[in-house]
Amino acid sequence: MQTLTPTELERYRRQIMLPGFGEESQQRLKDTTVLVTGVGGLGATAALYLAVAGVGRLILLRGGELRLDDMNRQVLMTHDWVGKPRVFKAKATLEAINPDVQIDAICDYVTPENVDTLVQSADLVLDCAHNFVERELLNAACVRWGKPMVEAAMNDMDAYLTTIVPGLTPCLSCIFPEKPDWDKRGFGVLGAVSGTLACLTALEAIKLITGLGTPLYSQLLTMDLSRAEFAKRRPYHDPDCPVCGAKSRRLAESNAQEETSCWFQ
């Protein structure tokens with residue numbers, strides 16, 4: 001563990017001043033590795049706020065090149081990068097903003113071949129992938145390796161957000177036994193919508209790491225941003241879920257862990 005440098009103490013001074021935060025929480029951020037999948041309008045903006053908050057290492061995963069129609073929402077990109085792999089530009093932008101954060105960029109998608117290695121390399125996963133094939137792979141791997149995952153998705157003006165802790169909360173398969181028809185590419189999107197969800201996603205991750213506030217354990221935050229309507233729902237935790245059921249039963253039987261305000265304590 002590397003302690004906070006004088007530069008870092010000054011850089012993060014304003015958040016260190018928050019009641020209940022302090023240098024201890026800042027050190028937790030520095031000691032944490034977060035995997036961000038889907039470095040687009042949602043994932044890249046969430047990564048930006050994790051970088052400026054001082055998360056020690058970010059692993060950015062996204063295949064494909066930047067398109068011109070990405071530019072209304074992908075705030076880490078610049079016009080001269082159109083046609084090039086976006087994940088490398090995201091890395092360069094974040095390093096320029098905060099050189100104290102280690103940024104690893106992987107130009108790939110979540111696959112059955114790489115998902116276990118990716119999840120094992122991180123303390124926390126941000127699921128901002130663009131389809132439910134990748135999301136289901138991540139969900140199963142996080143359950144398998146006991147890694148918490150912040151799940152965030154949007155479609156048009158609607159969005160949802162939740163935190164999944166294997167064994168303690170419903171997993172993605174519990175919440176969506178039938179997958180929403182959100183896998184299509186090219187749906188309409190305002191940058192402010194993806195940015196709104198991204199900020200909430202980054203905040204959820206920071207709360208998980210530091211213990212600040214109350215994370216969305218076993219709660220699904222739904223948003224209709226066309227009407228600024230927000231609601232919290234209690235998703236069903238399926239005891240027979242094919243993905244997380246066995247782990248949840250083992251946890252309940254052993255009573256080895258309890259839900260706390262900070263998963264990383």
Interatomic distance, CZ@F88 vs CG@L60, rounded to 0.5 Å, equals 10.5 Å

Donor-acceptor check, side chain of R135 to backbone of A129, threshold 3.5 angstrom: yes or no? yes

Output for pair (C142 SG, L35 CG), nearest 0.5 Å, gives 8.0 Å

Here the gap from N114 atom CG to Y109 atom OH, rounded to the nearest 0.5 Å, amounts to 12.5 Å

Looking only at heavy atoms, the pair that brings V55 and V101 closest together is O-CG1, 3.1 Å

When every non-hydrogen atom of G41 is compared with those of T45, the smallest separation belongs to O-OG1, 2.7 Å

Flag, side chain of D238 to backbone of C174, donor-acceptor distance under 3.5 Å = no

| With side chains defined as the heavy atoms from C-beta onward, is the minimum distance between L66 and M71 less than 4.5 Å? | yes

ask   = Should the heavy atoms of other residues, nucleotides or ligands under 6.0 Å from CZ of F21 be counted, would the total exceed 12?
value = yes

Review point. Any side-chain heavy atom of K30 sitting closer than 4.5 Å to one from T5?
Key: yes

message: Could you check whether K84 makes a cation-pi contact with W81, meaning its NZ or CZ is under 6.0 Å from the centre of the six-membered ring and within 45° of the ring axis?
response: yes

message = I'd like to know whether V87 forms a side-chain contact (heavy atoms from CB on, under 4.5 Å) with I106, so could you lay out the CA-CA distance, the side-chain angles of the two residues, the decisive distance to 0.1 Å, and finally the verdict.
response = CA-CA 7 Å; V87 72; I106 303 171; 5.9 Å; no

R67 side chain reached by R86 side chain, heavy atoms, under 4.5 Å:
yes

Original post:
So, does R73 use its side chain to make a donor-acceptor pair with the main chain of D69 at under 3.5 Å?
Top reply: yes

query = Transitively linked via ILVMFWY side-chain contacts under 4.5 Å: L200 with L18?
reply = yes

query: Under the 3.5 angstrom rule, does the side chain of D100 hit a backbone N or O of G56 as a donor-acceptor pair?
result: no

Less than 4.5 Å apart, side chain to side chain, heavy atoms only: is that true for D240 and R249? yes

Would you find a donor on one side and an acceptor on the other, under 3.5 Å apart, between the side chain of T93 and the backbone of L76?
yes

- Check whether any side-chain N or O of K207 sits under 3.5 Å from a backbone N or O of T214 as a donor-acceptor pair, and report yes or no. yes

For Q2, does the CD atom have more than 12 heavy-atom neighbours from other residues, nucleotides or ligands under 6.0 Å away? no

Closest heavy-atom pair, L124 versus P148, reported as atoms and distance to 0.1 Å, is CD1-O, 3.4 Å

Query raised in the report: Do the side chains of L203 and L221 join up, straight or via other hydrophobic residues, at under 4.5 Å, putting them in one cluster?
Result: no

Nearest heavy-atom contact between V150 and L161 is CG1-CD1, 3.7 Å

> Got a donor-acceptor contact below 3.5 angstrom from the K147 side chain to the V119 backbone?
Replying inline: yes

Does a side-chain heavy-atom distance below 4.5 Å link S173 with E136? no

Here the gap from E134 atom CD to T111 atom OG1, rounded to the nearest 0.5 Å, amounts to 8.5 Å

d(W145 CH2, D116 CG) to nearest 0.5 Å is 6.0 Å

* Are any side-chain N or O atoms of S194 and backbone N or O atoms of G191, one a donor and one an acceptor, separated by less than 3.5 Å? -> yes

Nearest heavy-atom contact between L29 and A53 is CD1-O, 3.4 Å

- Message: Angle between ring planes, F176 versus F132, binned at 30° and 60°: parallel, tilted or perpendicular?
- Response: perpendicular

**Report entry** Close side-chain approach of L225 and T196, heavy atoms under 4.5 Å
**Finding:** yes

Next on the checklist: Pairing donors with acceptors under 3.5 angstrom, does anything connect the side chains of T162 and E151?
Outcome noted: no

Does L94 belong to the same Ile/Leu/Val/Met/Phe/Trp/Tyr cluster as M77, with side-chain heavy atoms less than 4.5 Å apart forming each link? yes

Nearest heavy-atom contact between L50 and A202 is CD2-O, 3.7 Å

*Evaluate the side-chain contact (heavy atoms from CB on, under 4.5 Å) criterion for residues T37 and L126: first the C-alpha distance (whole Å), next the side-chain angles of each, then the deciding distance (0.1 Å), finally the verdict.*
CA-CA 6 Å; T37 66; L126 264 59; over 6 Å; no

Does T169 reach the side chain of T163, with side-chain heavy atoms less than 4.5 Å apart?
-> no

Notebook entry, point to check: Below 4.5 Å, heavy atoms only, C-beta onward: do V125 and L118 meet side chain to side chain?
Noted result: no

H237 vs C244, test: side-chain contact (heavy atoms from CB on, under 4.5 Å). Steps then yes/no.
CA-CA 9 Å; H237 192 174; C244 74; 4.0 Å; yes

When rounded to the nearest 0.5 Å, the distance separating CZ of R57 from CG of D31 is 13.0 Å

Strictly below 4.0 Å, N to O, side chains only: are E8 and R11 in salt-bridge contact?
no

Between M149 and N139, does a side-chain contact (heavy atoms from CB on, under 4.5 Å) hold up when you go through it step by step?
CA-CA 8 Å; M149 181 172 84; N139 176 65; 4.1 Å; yes

- Are a donor atom and an acceptor atom from the side chains of Y12 and E23 found within less than 3.5 Å of each other? no

Short side-chain to backbone donor-acceptor contact, D156 and D158, under 3.5 Å = no

